[in-house]
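To keep things clear, I will list the structure first and then write my remarks on it.
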Amino acid sequence: MAIGISDRCRNIQPSVTLAIDSRAKQLRAMGLDVIGFGAGEPDFDTPKYIKDAAKDALDAGLTKYTPVAGTLELKSEIQAKLLRDNGLEYELTDIIVCTGAKQCLFNALSAILNPGDEVLIPAPAWVSYPEMVSIAGGVPVLVKSNEADGFTVSAEELERHVTEKTKALILNSPNNPTGCVLSRELLKAYADLAVKHQFYVISDEIYEKLIYDGGKHVSIASLGDEIKAQTIVINGVSKSYAMTGWRIGYAAGPKNVIKAMTSFQSHTTSNANSIAQHAAAVALTNGERFMHESLMEFTARRNIMYDMINSIDGLSCSMPAGAFYMMLNISSLIGKSVNGKTINGSDDFAGALLESKMVAVVPARAFGDDNYVRLSYATTREKIIVGISRIAEFVKECE
Ligand SMILES: Cc1ncc(COP(=O)(O)O)c(C=O)c1O
C-alpha cells in the first residue's frame, strides 16, 4: 500500500485547462498548426531596458539574499508607484515583494484565514482563487454574476452571502476571465459593505494597466481611510511589463497583515529573486511608452476578435473593458452535435474544437460558468483572424 498524501493536496482540483493545453502541445509536436487562445500572458518580449537592468544586477553582484519583504530599492519604487498611479500612501513597512502576485495572494490568505473562514469571490473568477482559499484552510463562497449584468455582482447580492464567518472578499478588476472593469460606484458600495461587516478586501489589480477606451483604474483602497485599513492591494510586473517569467509581485496593506505575510514568507521562500527585484525596480521607473504601445496593440486585437465573433451566427461576446480575455458565449450550441459528439458544456466544445479545427480555448467551467469558453487575445492579429475563422467553420458544422 502506498503511503498517502495529505487531504489538503488530494482535494486540490486538477486544472481543467491542463487537459486542453497538453493535448494542444501534443498536436503541435505532431507538426499540426494549432492556434492557441489560452495564453495568460502578453506575447511581447520584456522591454530591453528591463533586461539590461537584470544584466547590470548580475554584474553588480546582486546575487545574495535580500530582506524577506524585498529590497529597499524596489519597495521605494512600489511606494512611489502606488502614490503616483493610485493615490495611495504607504510606509515601506506596509509593502511586501513576493514571487509573483500569486504568492502575494497565497501569503495574504494564509495570513488572515482561520479554518472555516469564508471568502467571497464574485464569479466567473480566476481558477486559482478558490483553490488558494481552500489550501489556506478557508471556504470559498462563489457569488455568480451574469453577462447581462456586465459580469458584475451587486453589493446587495454580495451581502446576501455575508455570514459571521466572512473574513474577506477577493476583487479582481480588470478581471480574468471576463475583462470586466469595476466602476468607482460599485467599488464604493463594496467598500461600504466591507466596512459595515468588517471583512478584508483582497484587491487583485494585476491587470491595472490594461484598460481600454480611456477607462481609468480605481483601487478600492483609495476610496477612504476605513476601507484602506481593511484592504490588501495586490499587483505586480508580470502583465504590465511582459515579465511573467521574472516572478515579481507585490502587496500593500495593513501593517499587521504585511508583517504576518512577511513571517509566513520567511519560512517558505524567503525573498523574491534578487536580480528580478532590481529589474522590476527599473521597470517601474520607466514603462509608460511600452505600456502605451502594448495597450494600442491589445485594443486592435480585441476589436478584431470582438467583431469577428459577433458576426458568427450562434456565437456572441461582450466587449471587454480590460485585461486581454474575452468570454465567448456558446450557450446556443449546447445540446447540438459535431462529428457525432454532443456538446454538453464548455469542456465538450473546447475538446471538439481542438480536435477538428486545431484551435485551443479554455473551457469556462473552470471559472464557474459552463456556457462560455475563454479566449485570450494575447496573440498576433494574424492568428486571431485565422483562429476565429476556424471557429466560424466549426459552428457551421454543429447541428
Ligand atoms: C487574476 C490574476 N491574478 C494573479 C495572477 C498571477 O500573477 P503573477 O504572474 O504575478 O503571479 C494572474 C495570472 O494569470 C491572474 O490572472
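First listed ligand is number 1; within each ligand, the first listed atom is number 1. Heavy atoms only: backbone and side chains are in, while hydrogens, waters and symmetry mates are out.
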Look at atom 7 (O) of ligand 1 and say which protein heavy atom is nearest, naming residue and atom and giving the distance to 0.1 Å.
Ala101 CB, 3.6 Å
Suppose I only count heavy atoms of Asn172 and a 4.0 Å limit; which atoms of ligand 1 are within that range?
1 (C)
Ignoring angles and geometry beyond distance, decide whether Ile248 reaches within less than 3.5 Å of ligand 1 through its nitrogen or oxygen atoms.
no
Closest heavy-atom pair and its distance - Ser274, Thr63
OG-CA, 3.7 Å
Which one holds for Tyr129 and ligand 1: side chain close, backbone close, both close, or neither close, with close meaning a heavy atom under 4.0 Å?
side chain
Counting non-hydrogen protein atoms only, what is the nearest one to atom 5 (C) of ligand 1? Give residue, atom name and distance.
Trp126 CH2, 3.4 Å
Using a 4.0 Å heavy-atom cut-off, which part of Lys239 comes near ligand 1: side chain, backbone, both, or neither?
side chain
Side chain or backbone of Glu41 under 4.0 Å from ligand 1, or both, or neither, by non-hydrogen atoms?
neither
Closest non-hydrogen protein atom to atom 11 (O) of ligand 1, residue and atom name please, with distance?
Arg247 NH2, 2.8 Å
Gly100 heavy atoms, cut-off 4.0 Å: which ligand 1 atoms fall inside?
10 (O), 11 (O)
Measure from the ring center of Tyr325 to the ring center of Phe367 and say whether it is less than 6.0 Å.
no
Minimum heavy-atom distance Val195-Gln198, with the two atoms named
O-NE2, 2.9 Å
From atom 4 (C) of ligand 1, work out which of Ile234, Thr244, Asp204 has a heavy atom at the shortest distance.
Asp204
Between Tyr241 and Tyr49, is the ring centre distance below 6.0 Å?
no
Taking NZ, NE, NH1 and NH2 as the nitrogens, is one of them in Glu77 or Lys81 under 4.0 Å from a carboxylate oxygen of the other?
no
Could you tell me which atoms of ligand 1, counted from 1 in the order shown, lie closer than 4.0 angstrom to a heavy atom of Ser238?
8 (P), 9 (O), 10 (O)
Take Asp43 and Lys383, measure what salt bridge (charged side-chain N to carboxylate O under 4.0 Å, His left out) needs, and give me the verdict at the end.
CA-CA 12 Å; Asp43 51 321; Lys383 286 189 177 148; over 6 Å; no
